[in-house]
Amino acid sequence: MATKAELACVYSALILVDDDVAVTGEKISTILKAAGVDVEPYWPGLFAKALEGVNVRDLITNIGSGVGAAPAAGAPAAAAAAPAAEAAKEEKKEEEPEESDDDMGFGLFD
């Protein structure tokens, strides 16, 4: 369960991202002080370091698209994966069907 300090830092980071301001530990601390929220001094820096190099807007926008979803720039990669999918379909067609238990002369209730 998230603590008050964690939630306050998350909300502060979201405010900064929404205002197109770089997320830094100092700026998170400033927002927390303005809101009157007391947190341990390491929390703002920890969150700033965790979000360093992360596009939070894309992260939020793609949250419902599933695990491991490619970003919008991954469209050419999807086009390259199409021939591989076709090859996989062909392999499935070539496999022989497995024999059922009825074909072997015994069943579940025999």
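The first residue in the sequence is number 1, and the count goes up from there.
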Inset, instruction - Any chance you could lay out the side chain to side chain contact (heavy atoms under 4.5 Å, CB included) test for Arg57 and Asp20, step after step, and finish with the verdict? - result: CA-CA 10 Å; Arg57 287 187 189 271; Asp20 293 323; 2.8 Å; yes

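- For the pair Gly25 and Ala48, the tightest heavy-atom approach, listed with the atom from each and the gap, is N-CB, 3.2 Å.
- Here the NZ atom belonging to Lys33 is positioned 12.0 Å from the OG atom belonging to Ser12, to the nearest 0.5 angstrom.
- Looking at every heavy atom in both residues, Pro44 comes nearest to Cys9 through N-SG, 4.0 Å.
- Scanning for salt bridge (Lys or Arg N to Asp or Glu O under 4.0 Å) contacts around Asp19 gives an empty result, with sequence neighbours left out.
- In this view, Asp18 satisfies the side chain to side chain donor-acceptor pair (under 3.5 Å) rule with no residue, not counting sequence neighbours.
- Exactly one of Thr61, Asn55, Asn62 qualifies for a side chain to side chain donor-acceptor pair (under 3.5 Å) with Asp58. That residue is Asn55.
- In this structure, Ile31 CD1 and Glu26 CD are separated by 11.5 Å, a value rounded to the nearest 0.5 Å.
- Interatomic distance, Leu16 CG to Ile28 CD1, rounded to the nearest 0.5 Å: 6.0 Å.
- To the nearest 0.5 Å, atom CZ of residue Phe47 and atom OH of residue Tyr42 are 10.0 Å apart.
- The shortest distance between side-chain heavy atoms of Leu14 and Ile60 falls below 4.5 Å.
- In this structure, the separation between CH2 on Trp43 and CG on Leu7 is 10.0 Å, given to the nearest 0.5 Å.
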Inset, instruction - Run the numbers on Val56 and Val23 for side chain to side chain contact (heavy atoms under 4.5 Å, CB included), then give the verdict. - result: CA-CA 10 Å; Val56 178; Val23 179; 5.5 Å; no

